Structures are given as C-alpha cells and as structure tokens.
Peer 1: 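Could you have a look at this structure, given as structure tokens, before my questions?
All values below were derived from every heavy atom in this structure, side-chain atoms included, with hydrogens, water molecules and symmetry-related copies excluded. Not measured: the values here are computed from a predicted model. Residue numbers begin at 1 in each chain, while the letters A, B, ... track the order of the sequences.
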2 protein chains.
Amino acid sequence: MNKRITLKDIAVATGVHVSTVSRALDPKRETPLTDDVVLRIRETADRLGYRPNRIASSLRTQKTMTIGVMIPDITNMIFPPIVRGIESVLEPLGYASIIVNTDSQRGREQRLVEILQDRGVDGIIHTAVLLDDPTIVKAAEAGLPVVTLNRKIEGTRVPYIINDEAAGIEAAFSLLHDKGHRHIAHLAGPRNLSTGQLRLDAFRASAAIRGMNVENLTIVEAAQFDEVDGRRAAEEILIRDPGTTAILCANDRLALGAIDHFRTVGLRCPEDISVTGFNDMPFLNMIPPRLTTVRIQQFEAGAVAARHMASILSGHGEDVPIETILPVLLIERDSVAVPRQA
Amino acid sequence: MNKRITLKDIAVATGVHVSTVSRALDPKRETPLTDDVVLRIRETADRLGYRPNRIASSLRTQKTMTIGVMIPDITNMIFPPIVRGIESVLEPLGYASIIVNTDSQRGREQRLVEILQDRGVDGIIHTAVLLDDPTIVKAAEAGLPVVTLNRKIEGTRVPYIINDEAAGIEAAFSLLHDKGHRHIAHLAGPRNLSTGQLRLDAFRASAAIRGMNVENLTIVEAAQFDEVDGRRAAEEILIRDPGTTAILCANDRLALGAIDHFRTVGLRCPEDISVTGFNDMPFLNMIPPRLTTVRIQQFEAGAVAARHMASILSGHGEDVPIETILPVLLIERDSVAVPRQA
DNA sequence: AACGTTTGTGCAATCGATTGCGCGATTGCG
DNA sequence: CGCAATCGCGCAATCGATTGCACAAACGTT
C-alpha cells in the first residue's frame, strides 16, 4: 500500500516550497515563475506519478467539481439518454456527477437535495416531474446553481429546458384531425407531473383552436405513466364515449397499455381506433402496431442543461437563457388511420 | 448567502471546544461525555441547522463515503436495474455513488478509474464486460476495494457476482433439443466481452454433453450486441448451414435482429425457425414473436455486489465469498416450436 | 550610486472535522 | 485521609492544497 504522492513530496524532491509546486502545477497560473523551476517541478511531478488530491482542493476552494443530477428513475428509459447528454458536456470539463433517483416522492427528493448539498455539489441539474417541490426551489434561492429539465419554476431565475410539448401534442392532434377524426379522446398523464399537465393543456388548446367544445372532450387521467394505467384509462374512455375514434396518449407506455386493452375487447388499432404516443422510447418501432408518436430530444436536453450549468459555474450565468425550448418531431408510423365510419 | 454552520459555531454557542462538539455529534462515540453536554450540543446543533461538512471529514478520515460504479453504458437497458440495486443497499448506509460509462473502451476505462481514484472513492463496483482490462486489476491490487459484476478476475481475491450463464444457456439448449431440434446454431456475442465468451463456452458444453460434434456446430460471432449485427450474423448462419432449425442467441437484441432478418427472407419464427434470447430485457414480451429467453437478476446482482462492498468497507472483507452465482430463469414464450420437418 | 519597481519564491494561515495526548477534577479504594 | 484510577474535556496537530502577504534579489531609472 504505497502512499500517495502529495505536493509536499514533490516540494522535497525538487527543493522548493509546496506553494511553489502548487503554483507550478496550476495551469492558469497567476504568479510568475521561472521556466526552469516549473519544468523541474512538472517533470518530477509526473515522474513520481503525482495525482492531485481533489478532496483537499475542494476543502480549500469550496468547489468540488461535482454536480448533482436528480432524476425520477433511471430505469425509466427516457432518462439514461439525458444522463449521457449531461455527461457528454460535463465530463470533459472535469466534472463528475452524482445521480440520484427521486422516485417522484416528495420526502425523498428533499432528503436527496440535502445529501447532495452535504457533499458540496457545485450545482444541481434537476429533471423535475413533480409540479411542486419546494426543496429544490429553496436550494436555488439559497444560491445553489440549479438548472431544471421539463419544469418551469415561476418567479425565479432558474434556467429551464423543456421540450416543446405543446407543439408535439398539436402535431399529433393535427394529424388525427386531418385524417378525419372528430372524436378524439386524451389519455392524460398524472396531473401532478409537469409533463402530464402540460400535455393536457396542449390537448385542450389544440381542440379549442379547431372550434371543438372543450367541455365535451373525453379526458381520462392515468395515475401512473405505465401500461397498467393505460389499460385502465382506455377502458374508461370507451365507457365514457363509445364513439371515440382516436386516442391521443400522454406517453408511449400509456398508448401501449391502451392498445393492449383494445386487443382484449376485440378492437384493432388502427383499423378500429387510432392511437398516438409521446416520447418515442427505444424499441417502440418493434412493437406492433408501430406507434405514431412524438420524438423528444433527450440527449440534447441533457447536454443543453449541462452547458447552461457549466456557464453558470464559470461565472457566465447572465449569458444563459432562462427558457430553452427544444423542438420535437412527429414520427408517423402505423397506429393512425382514417376513422372507420368517416 | 448565509454561511454554513460549522463545528466551531456550535462550540462557540455552547461554550465548549470544537473537539467536544465533534465527539458529541459522533454516533459511535469513543470518548465518554456528560449527558448534559451532549444534549446541549445536540440541541444547539440542530437549532442552528448544522450539517457536517463531508469534504473536511473526508480529508481527515480518508473516507469519502462514495463508491464508483463503472458500467458500459447506462442507456443499455440491462444496467439501470443494476444501478438501482446497488443504490438500494448503499444509499441507506450513507454512501453516494459516482456512475461512469466506459463505453467498453479500454482507454476510457483507464481514465475513469483514475478519475474515480482522484476523487477518493472508497471502492469500485465494476460491471465488467471487457475480458481483459488491466486497469481495474491494478487498482484492486493496489488496495482499492473492488467488486465485479459479470466478470471473474483470475488469480486475485476480488469478489465477483455472475449470473449462472451456463445454466441459462443449458436451459435454452435443453428446451430446443427437447423440442426435437438437432441443427442448433449459436449466434454468439463479441468474444472479447465476458458474456459473449461465457455463453459461447456454455453452448459448446451443452452440445457436447448431448454427444453432438462440437466441431460441426454453426457458430457465428456478432461484433456488437445489437440488432444490426444480429441480422448480419443470422444471414451468415443461414448461408453456412441452411438446414439450421434453431438459433440460440447470446442476447435478446441479437435474437431480435435475427428474427428481423428471417422476416425479410420470408422465414417465420417460430414456424420455420426457432430462436432464443438472453437477458429478458424490458418490453421484450411486447415484441412479437414473444421471445423465449433467459431472465437474469439485474437488481439483485447490483444489490449483492453492493452488500459485498459494504462488508469489505466495514472491515468484514473476509466474510464475503469470492464467487457469487445468481440463478437464472428460463422464460418460455412464443419463439420456439418443434422443427418443421422433425 | 541611490532608489523605486518588478519578479520569483517562501511563509503561514486557511478550509472544517477528527483524534492522540494530556491535564485537571472527580471518584474509589484501602 | 491519601493516593491512584477514572472521567470529562481541551489542546493542538493533522489531512493536502491554495493563496494573500512578505521579502529578497534583480532590474531599471535618473
């Protein structure tokens, strides 16, 4: 167990003071040093295999070069690309990230923010889902750099990156409407999640601009963004309005569940009923009927968030826009057709 | 920006020395203290909202309560459950984890180990894939606690957790053989990845115990564990042995690719050719034909690895077994049938 | 030649928590 | 009642890197 090399070791080896070694090894050196000394120090440093102790450095400088990444659940397939997007930007800059899963639980989220702060993260990238979580807001107001994904925090200067949910819903709605659908139901996500609420609002807006009576729309809210609730909600939609010819779902998994329910009651998609999803998750194009859906830019969203965070941390916080809206893309596949009796 | 509370602040507030405060707040206190003092300190501590500075603590104790988790790629769906399994154990114990993606690149892996060591991680959990990566071995030999997943490191005392790959392959082989298949090909994974090699070996073994000529087996190796290579390799298998009635694939994605290729050449699965996968990845049961595959315990594997790591870190390293083999489960679905001309 | 600048380096404090050592006070025992 | 053992707590060093300040040497100026 050979001891780690420290500045002191190098200082002794070269016969200078540790402060000089520190300065010689500092890339953006403030104090002038003789080239000769710098060279000698550099040389012995990597001859001895010196690796700076980040802990000590962090203690002194109050910077850990670590950022916290809060996500609901890494096993949800839409998040890994976001994480990689973040790291694609932050890792080259020397930052490491601590990823925590909130499981969308308020209490847990609060504890995790504390944990991250205890560890002295330089900032937090927060892929929010809960519509109201005061913890992260408080942290931001206390001066911790925060960037959020999918979530606007009103009344603060916290930058946020969101996908153009409204445009995505509108594109899907437009497609259904253009095909001739007039009985379009919405299988909504949980209203306490930002994406659930936003997509619901967008759905109503799309209906409204086409002169449809917003009051009469069939809208059923799922409790979870999963297949089980998709099935349940789809069943309820058919009960509430048997004349439904198309269902615009708040995400792919709900759509998959809905289609599965239709199968059990003998309805075929898209012949009997059209369905659209949202997210375009991996392998979706291998599950029949290949779902028409809206693709969002996950990797890019993470990368943008990370770039903004990096700007803030390097003191250029004023350059980063409060709002960044990423474009989405309608992916037409096989789950939409003209309504049966048009 | 209100300053953080430190031990010194509490010391001043209660009129004792910081060392006393430190001891009073230490749950496993070595030095005896008056209950009164402890109480007063504890009380003022959380009145002031004290949160210990882990950085300072780490510097002094040489423990960061952080472990590094190295995985090939978090966007590969089999890894998120492993990560959650790890965290389910480590987080309650006060550990945080830094997750890094190696992308199965040797050079990258080496840099990442260094990065983790620079950050003073207390240990590394390494979900290995590359069959030979000297970096992690060196780190382990240098005294860093290491536990590996999916990978045995010969000649060391590094504990490893593996799924019972051999049993899984044997189960799949046995199923195919029992159905009457005698021309069973293997669509192997990359040989430089541990799972690729292990499953290939197991395939040969299964064939051998049934008296089949191991030399004559049709085995094609994919360069990547993905659908594209699955298609390519499947095509080659049919060229090499048109009489093939079943293909045992080294993982699900290869199997999916293979089936896709069969579709393009007019072969149906399972009517014309049977296929098995490995891993039982999410949503696999929604992709037709529902693949018969071998389920591995990802979450549990991560949890076990974490438990072993925790044991080592708490000084009970001698209690952890070098080898842990997790059972697998054959999941029979629809991609296997009796051969066409039996 | 005298004096003010620069220039290169050392000194020492600092970040906040931990911990071996030791001192004074209390307790126990004979 | 005296001495030793124990107890409770303070002192100060320590972890390793960073950085404001001081200081000496070298330089330039008049």
Peer 1: For nucleotides 5-7 of chain C, give me every protein contact, N/O to N/O, under 3.5 Å, one pair per line with atom names.
Peer 2:
none

Peer 1: Charged N to carboxylate O below 4.0 Å: is that the case for Asp35(B) and Arg40(B)?
Peer 2: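 No, Asp35(B) and Arg40(B) are not salt-bridged.
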Peer 1: Are any non-hydrogen side-chain atoms of Ile161(B) and Thr148(B) less than 4.5 angstrom apart?
Peer 2: no
Peer 1: Is a donor from one side chain sitting under 3.5 angstrom from an acceptor on the other, for Arg119(B) and Thr66(A)?
Peer 2: yes
Peer 1: Between Asp73(B) and Arg84(A), is the salt bridge (charged side-chain N to carboxylate O under 4.0 Å, His left out) condition met? List the steps.
Peer 2: CA-CA 9 Å; Asp73(B) 178 10; Arg84(A) 301 257 8 204; 2.9 Å; yes
Peer 1: For the backbone of Val158(A) and the side chain of Thr156(A), can you confirm whether one donor and one acceptor N or O come within less than 3.5 Å of each other?
Peer 2: yes
Peer 1: Answer yes or no: does a side-chain N or O of His17(A) lie under 4.0 Å from OP1 or OP2 of dC11(C)?
Peer 2: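 Indeed, a polar side-chain atom of His17(A) lies that close.
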Peer 1: To the nearest Å, give me how far apart CG (Asp35(A)) and P (dG8(C)) are.
Peer 2: 8 Å
Peer 1: Within the structure, does a side-chain N or O atom of Ser19(B) lie under 4.0 Å from either OP1 or OP2 of dT19(C)?
Peer 2: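 The answer is no; no side-chain N or O of Ser19(B) sits under 4.0 Å from OP1 or OP2.
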Peer 1: Enumerate the residue pairs fulfilling salt bridge (charged side-chain N to carboxylate O under 4.0 Å, His left out) with a member in residues 52-68 of chain B, sequence neighbours excluded, ordered by first and then second residue.
Peer 2: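 Residue pairs passing salt bridge (charged side-chain N to carboxylate O under 4.0 Å, His left out), neighbours aside: none found.
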Peer 1: For DNA chain D, which residues of residues 39-49 of chain A approach it to below 4.0 angstrom with any heavy atom?
Peer 2: none
Peer 1: Applying a 4.0 Å non-hydrogen cut-off, can you work out what Arg54(A) is touching in the nucleic acid: base, sugar-phosphate, or nothing?
Peer 2: nothing
Peer 1: Using only atom types and a distance under 3.5 Å, with no angle test, would you say the side chain of Arg151(A) pairs donor to acceptor with the backbone of Thr195(A)?
Peer 2: no
Peer 1: With a non-hydrogen cut-off below 4.0 angstrom, is Val21(B) in contact with a base, only sugar-phosphate, or nothing?
Peer 2: nothing
Peer 1: Does any pair with a residue in residues 304-313 of chain A pass side-chain hydrogen bond (donor to acceptor under 3.5 Å, both in side chains), and if so which ones, sequence neighbours excluded?
Peer 2: Glu300(A)-Arg307(A)
Peer 1: So what does the secondary structure string of DNA chain C come out as, 5' to 3', with Watson-Crick or wobble pairs under 3.5 angstrom, [ ] for crossing and | for pairs with another strand?
Peer 2: ||||||||||||||||||||||||||||||
Peer 1: Across the strands shown, which category fits Ser22(A) at heavy-atom distances under 4.0 angstrom: base, sugar-phosphate, nothing?
Peer 2: base
Peer 1: The test is side-chain contact (heavy atoms from CB on, under 4.5 Å); show your working for Glu43(A) and Thr14(A) and say whether it passes.
Peer 2: CA-CA 10 Å; Glu43(A) 190 266 327; Thr14(A) 54; over 6 Å; no
Peer 1: Under 4.0 Å from a heavy atom of chain B: give me the 5'-most and 3'-most nucleotides of DNA chain D that qualify.
Peer 2: dG8(D) to dG16(D)
Peer 1: Can you find a side-chain donor-acceptor pair between Thr34(A) and Asp36(A) that sits under 3.5 Å?
Peer 2: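 Side chains of Thr34(A) and Asp36(A): no pair found under 3.5 Å.
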Peer 1: Is any side-chain heavy atom of Thr20(A) closer than 4.5 Å to one of Val37(A)?
Peer 2: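 Yes - at least one pair of side-chain heavy atoms lies under 4.5 Å apart.
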Peer 1: With a 4.0 Å cut-off on N to O distance, would you call Glu91(A) and Arg111(B) a salt bridge?
Peer 2: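 Here Glu91(A) pairs with Arg111(B) in a salt bridge, since their nearest N and O are under 4.0 Å apart.
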Peer 1: Does the pair Thr64(A) and Asp122(A) meet the rule for a side-chain hydrogen bond (donor to acceptor under 3.5 Å, both in side chains), with working shown?
Peer 2: CA-CA 6 Å; Thr64(A) 53; Asp122(A) 295 339; 3.3 Å; yes
Peer 1: With nearest nucleotide decided by heavy atoms, which residue, Thr6(A) or Val37(B), maps closer to the 5′ end of DNA chain D?
Peer 2: Val37(B)
Peer 1: Pick the closest DNA chain D nucleotide for Arg60(B) and for Val18(A) by heavy atoms, then say which residue is nearer the 5' end.
Peer 2: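 It is Arg60(B), whose closest nucleotide lies nearer the 5' terminus.
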